[in-house]
Structure formats: C-alpha cells, structure tokens
Amino acid sequence: MVMLELDAVGVTLGRRNVLGGISARFGDGALVGIVGPNGAGKSTLARAMLGLVPARGDIRFDGQHVATLRRDELARRVAYLPQGQTLHWPITVERLVGLGRLPHLGPMSRIRSQDTAAIERAMARADVLDLRDRIATELSGGERARVLLARALAVEAPMLIADEPLASLDPGHQIDVMDLLRAEAHGGALVIAVLHDLTMAARYCDRLLLIDRGRLVADGSPADVLTPDHLRTVYRIEAQVDLTGAWPTVTPLWRSPLTAPSKSM
Amino acid sequence: MAPTRRRMGLLTCLTLLTAAAAIGSLLLGPVDIPLPRIWSAMLGHGDQVTDTILFDLRLPRTLIGLAVGAMLGVAGAAMQGYLRNPLAEPSVLGTSSAAALGAVGALYFGLSELHPAMLPLLSIGGACLSLLLLFFLAGRSESSLTLILAGIAVATLAQAGIALALNLSPNPFAAMEIMTWLMGSLENRSFDHLWIALPCIVIGMALLLWDGRALDALTLGEDGAQALGVDLRRTRLRLMLGTAIGVGGAVAVSGSIGFIGLIVPHLLRPLTDRSPSAILLPAALGGAALLTFADIAVRLINIMNELKLGVVTAFLGIPIFLLHLMRERRLW
C-alpha cells in the first residue's frame, strides 16, 4: 500500500535551491535508505517530509497533503529521529522514552495505561529496559542512540524517519540500530533512514534513493543504485563494488580526477 | 519512591511551606499583635486597630506577595524550559522592564497622584505595548533565538527610557521616588492593587501552565518537538502572552523584583525529575513562599530606612548562586 508520495518536491532556503523536483512513492514494510554526499539535501528532504521546512510540490501521507494535516496528526503518523544526540535537560531514560507518547496526549491529560505499555514495548525493543532510571545525558553514545531510537519507537507510528541514526556509533552499535530499523520495517512500518555508510545501506535497505545537489540521481535496489558510475558522478570517488555476496559491498578506492562539475540547479 | 508519589510529596511540602509563609505574613510585622487578638479578629470580633492592620494592611500585602511570587516563579520555570537555558528568567522578554517604564512614566509625570490605580494601570499598559513591539521584532519565526534578541531589544529600550526619566527628573526627590519604586515593595498595598494584578496573574499563569508538555518536548530540540506534534508558533505565542500579561501585572503592583524567577526553578529542579513541566507548579508554590518570606524579612529587619523587597531577594540570590557555583566546581 502506498503510504507516502512525493511529487516534484523542492525546497529553497534563503536564495539557495537545496532540493528540486524529487518524486517518489513509498509503501509500507520497507526500509528505504537516502544516501548522497554531504550537503546533497538528504536531511532537508527528510525534514520536508515532516513539514519542518516549507516545500514546493506535493507531499501526501495516505493521500492527504502534508499541509492539511495538523501537527499532532502528522506526529501520530510519522515518528522522527532527528540528527544528533542533543538533550537539553538531564531527564531519566524512562521519561525521555515517554516523550514519544506526547502526540497521543492532550496538553493536560495524564499518561494512560496504553501509553505506559507502549513505553515498555519501545524500551524492550531497543533493549534499554535496564537503563530506565539512568540519566539520559550521562549515557555513552551507543546507549544514548538506542534510547533515542526507543523514544521514536514509543510513538508507534506507521512510519519512521531517522536522520543519520548511525552517526558517531561504533560498528557494533551501528548493527544494533540497523537491526532495529529493519525489524521495525519488516514488522509492517515504512522506515526511511538518511545514511552515510554505503555498505550498511546496501546490506540493510530494501531500496535506496541517491541524491546529489538536491536532485534524485537514482532510485532502486542497492545493486542498481550503488554502481561505480553513480559513485564516480555523485561522490567523485573510484570505488570497487562487489556484487558476489549476499549484499553489495562498496570499497572506496580513491578520489576521481576532478572533472567539470555538472550544472547546478 | 515512585515518581508520582515523590511529586505529590514535594507539592504537599511546598503547599505547607506557602501556608506557613502566609500565616507568618499575617502574624508578623512592626506592630506586635498577640495571637488571641488576631484570632478574635478572624472570627469577626476584633477591635478596630487589629481589623485595620490585619485586613487592610497585612491581608492584601500577603495575598499580593503570594500571587506575585507564584507568577515570577512559574514564569522563570517556563522561560528556562522554553529557552532550554537554566539562566533564563522572566525579564528576558523585556516586558518587566517595560512595565517598570510605565510605572516610572506615571511617577515622572505625576499621574500617580491623580488616582492610586494610575501607576499599576500604566505599568500594565507598558507591558502590553512592549508585547506589541516584541511581536513586531520577533516576527513569525519559530526560533527561540529571535525571541531572545527581540526581548533584549525591548528591555534595552525600556531601561533607556527609565534612565532618561531619572536623568531628566526635575529634582532629587522625584528621582528618589522613582528609584525607590524600582527597588520593589509590597508596603501599603491594598485590595485595589490585588484586583488590578490578580486577573493578569491568573491569565498569565494559565497560559504558561498550559504548555508544560510542549516544554518537555523541547528537550529534544525544536525539530524534535515539532515532530512530536508541538506547534511551536502557538507555544511561543502563549509563552509571550503569558509572561507579558502575568509579569506585567505583577510588576505593576510590586515594582521590579528580581531573582525569584531565576532562583526558585534552580532550587526545585533537583527535587523533581528535571523535566520542564515537572517544575512549573512547584515553582509557583516555591515562588509564592519565597517572596512572602522575603517580605516578612523586610518587615522584621529593623533599620533606619525601610529595606526594599527587591534588595532582599537580590541578597537571597547571591548565596544560592554561590552554592550552585560550588556544586558545579565540585567544591561541595
């Protein structure tokens, strides 16, 4: 079932066209990776999907235009894991994960039993039950990443957008996070993750969107998207792409010789 | 202890503390009234002197102290939560300075002599005008930084206006009158003052208490909060209106009283789960108790010139800051 449709989506920040003409359709039960070099517009696309930046074109959730949805309605449909691990107050892990239930609560309503159950489920899935009484700002980077993911899972939304969920994590914690995201997708959710690690993206994602300078360069399976040609054009690297394993592995070799940059938007 | 029980325990303790402050404020003052006389006055059998002291002087003073303290406490907690900065306080929006400028205008032009309500009404007018300026300067942006910058601009303008009034005051007595008012006091306040301030304070507190959940969501930053369904524009609007109306009303009857909005959330945060919403109600009770105790101290400290409330709260703030500094430096 189509959950999210992007039709010629563009974003202008200040005088700069950051994103232009992105069209794609996403169904449930899939883990979709958005990849591309720094400054390509990946995070802006994620933020545009959530209505966090004004966008041109059409973004529809289950056929409804994003602009017609109230903030709390949208929040119940899409959980968001923002970039970075900034927390402004030293609250406990349980309290932090509980923030994921805010879209389901009124300004003055109390936490209900179903909210408590959802918080427990999210903490169990992210394996942070034993951290519940710890202060979130005192956790290690890996622990904090799992706790923040639990916060996003506690929304229990049919869609999750994660912006660079692997940033500053060691390989073990990267695998933990990607396992969780894949489990969420295979449980029926649509999960869209902005990623930098191409091999992790190829291993875990069902589909990849390759973005460069605000434009969609390729959209398809990891094997179709992560070709040496695409990597050369977009990242300006020579890379060895091994397709003999269960998933493509990308080994960057060296910078491609500088060529005239393709015309910007 | 379970978080809910701990919170209830804290609220009960603060309520008892506030009640003790209120009773102390009714009992204590320069005139020593024995407890039996106060009791019979409460029951409606008091003599005229006791009735006057108790109901015309101490009761409105106590109620204004409680209301102003509660407003400053909750506004401080809300501003710290919204700006995600433990050093924020209600005056950061500049509305308290603007309210003070309104009052200074009433004193400077002699309008306060026309009617006792003139000064507080002009003060609230100053706060409302500053709010319009704040809206104009901060625009429709959702960023808290633009609000801080706009607040600094409004506060600086208002403080410049106050400095101008002091500079141009026709004689030293007029300047002294302005300075004395600026130091803050609850002396000689009547029920008229309470009825002017109370509606503003009730509206202000209601607007600020409404946004507890939004302030919690801001723990994740502005994007994180919006993705949790928080309409940051509306949150900011309620916060601006709540602080301007409530603090404007408070300053109108008490003068500028600093530090309460800064200290109280600091003192109470370690006793809560540290989320911004958990501090709002305790900060209201703590502010009410602290300001009332400070006002009792003003009455009991016997020196030649009457001590001003703003001076006492400022001195109270210093040891608390030192304590925090020592904790931060792990000296204690």
Side-chain angles (χ1 to χ4, degrees), chain A residues 43 46-47 49-54 69-111 116 132-133 135-137 147-148 151-152 154-155 157 159-163, chain B residues 1-4 6-8 77 80-88 140-144 206-235 238-239 242 265-266 269-270 272-281 328:
Chain A
S43 294
R47 296 181 76 229
M49 289 178 196
L50 288 148
L52 297 175
V53 283
L69 290 168
R70 285 207 327 260
R71 273 243 157 265
D72 54 335
E73 283 177 312
L74 188 60
R76 285 191 287 273
R77 289 180 191 216
V78 195
Y80 176 50
L81 185 62
Q83 204 179 115
Q85 297 190 341
T86 310
L87 292 173
H88 292 281
W89 296 108
I91 58 176
T92 62
V93 165
E94 190 173 5
R95 195 84 173 78
L96 177 62
V97 176
L99 292 178
R101 299 307 295 169
L102 291 186
H104 302 272
L105 296 169
M108 291 290 173
S109 56
R110 299 171 75 92
I111 291 259
T116 314
R132 67 163 70 224
D133 294 323
I135 299 296
T137 47
V147 167
L148 287 169
R151 201 280 304 151
V155 181
M159 186 175 158
L160 169 65
I161 296 177
D163 193 355
Chain B
M1 210 191 301
T4 318
R6 202 171 71 172
R7 179 169 167 79
M8 287 315 292
Q80 290 179 10
Y82 178 72
L83 298 174
R84 287 150 281 155
N85 184 341
L87 291 178
R140 284 172 58 80
S141 153
E142 287 154 358
S143 150
S144 54
L207 285 166
L208 296 182
L209 289 172
W210 184 261
D211 271 320
R213 289 250 158 82
L215 298 181
D216 283 349
L218 277 165
T219 301
L220 298 168
E222 288 176 1
D223 271 5
Q226 288 189 85
L228 282 172
V230 174
D231 188 330
L232 278 186
R233 251 183 221 144
R234 286 189 183 176
T235 298
R238 276 191 293 270
L239 197 91
H266 261 288
R269 190 166 287 117
T272 67
D273 66 10
R274 293 174 186 268
S275 57
S277 69
I279 302 168
L280 293 177
L281 206 50
E328 285 295 317

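Nothing here was measured: the structure is a model prediction, and the numbers come from that model. Proteins get letters first, then strands, A, B, ... in listed order; numbering begins at 1 in each. Reckoned from all heavy atoms, side chains included, excluding hydrogens, waters and symmetry mates.
Neither the backbone nor the side chain of A:I135 comes within contact range of chain B; no heavy atom of the residue lies under 4.5 Å from a heavy atom of that chain. Of the two parts of B:T272, neither the backbone nor the side chain holds a non-hydrogen atom closer than 4.5 Å to a non-hydrogen atom of chain A. For A:R47, the part lying near chain B is the side chain, with the backbone staying farther off; criterion is any non-hydrogen pair under 4.5 Å. Residue A:L74 does not touch chain B at all, counting heavy-atom pairs closer than 4.5 Å. There is no contact between A:L81 and chain B, counting heavy-atom distances below 4.5 Å. For a residue to count as touching a neighbouring chain, one of its non-hydrogen atoms must lie under 4.5 Å from one of that chain's; by this rule B:D211 does not touch chain A. Heavy atoms closer than 4.5 Å to chain B are found in the side chain of A:R151, but not in its backbone.
Residue with the most contacts toward chain A among B:A214, B:P276, B:A225: B:P276 (heavy-atom pairs, distance under 4.5 Å). Residue with the most contacts toward chain B among A:A136, A:A79, A:P90, A:P82: A:P90 (heavy-atom pairs, distance under 4.5 Å).
Using a 4.5 Å heavy-atom cutoff, the side chains of A:T92 and B:D273 are not in contact.
When all heavy atoms of A:L102 and B:A217 are compared, the closest pair comes out as CD1-CB, 3.6 Å. Of all heavy-atom pairs between B:R213 and A:L105, the closest is NH1-CB, 3.8 Å. Considering all non-hydrogen atoms of both residues, A:W89 and B:N85 come closest at CZ2-N, 4.1 Å. Nearest heavy-atom pair across A:R110 and B:T4 is NH2-CG2, 4.5 Å. Considering every non-hydrogen atom in both A:A75 and B:G229, the closest pair reads CB-N, 3.4 Å.
Atom OG1 of B:T219 is separated from atom CG of A:L99 by 6.0 Å, given to the nearest 0.5 angstrom. Considering NE2 of A:H104 and CG of B:L228, their distance stands at 9.5 Å, rounded to 0.5 Å. Summarising the geometry, atom NE2 belonging to A:H88 is positioned 8.0 Å from atom CD belonging to B:E222; distances are rounded to the nearest 0.5 Å.
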A:L96 and B:L220: CA distance, side-chain angles, deciding distance, side-chain contact (heavy atoms from CB on, under 4.5 Å) verdict
CA-CA 9 Å; A:L96 177 62; B:L220 298 168; 3.7 Å; yes
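A salt bridge links A:R95 and B:D216; the closest N-O separation between the charged side-chain nitrogens and carboxylate oxygens is under 4.0 Å.
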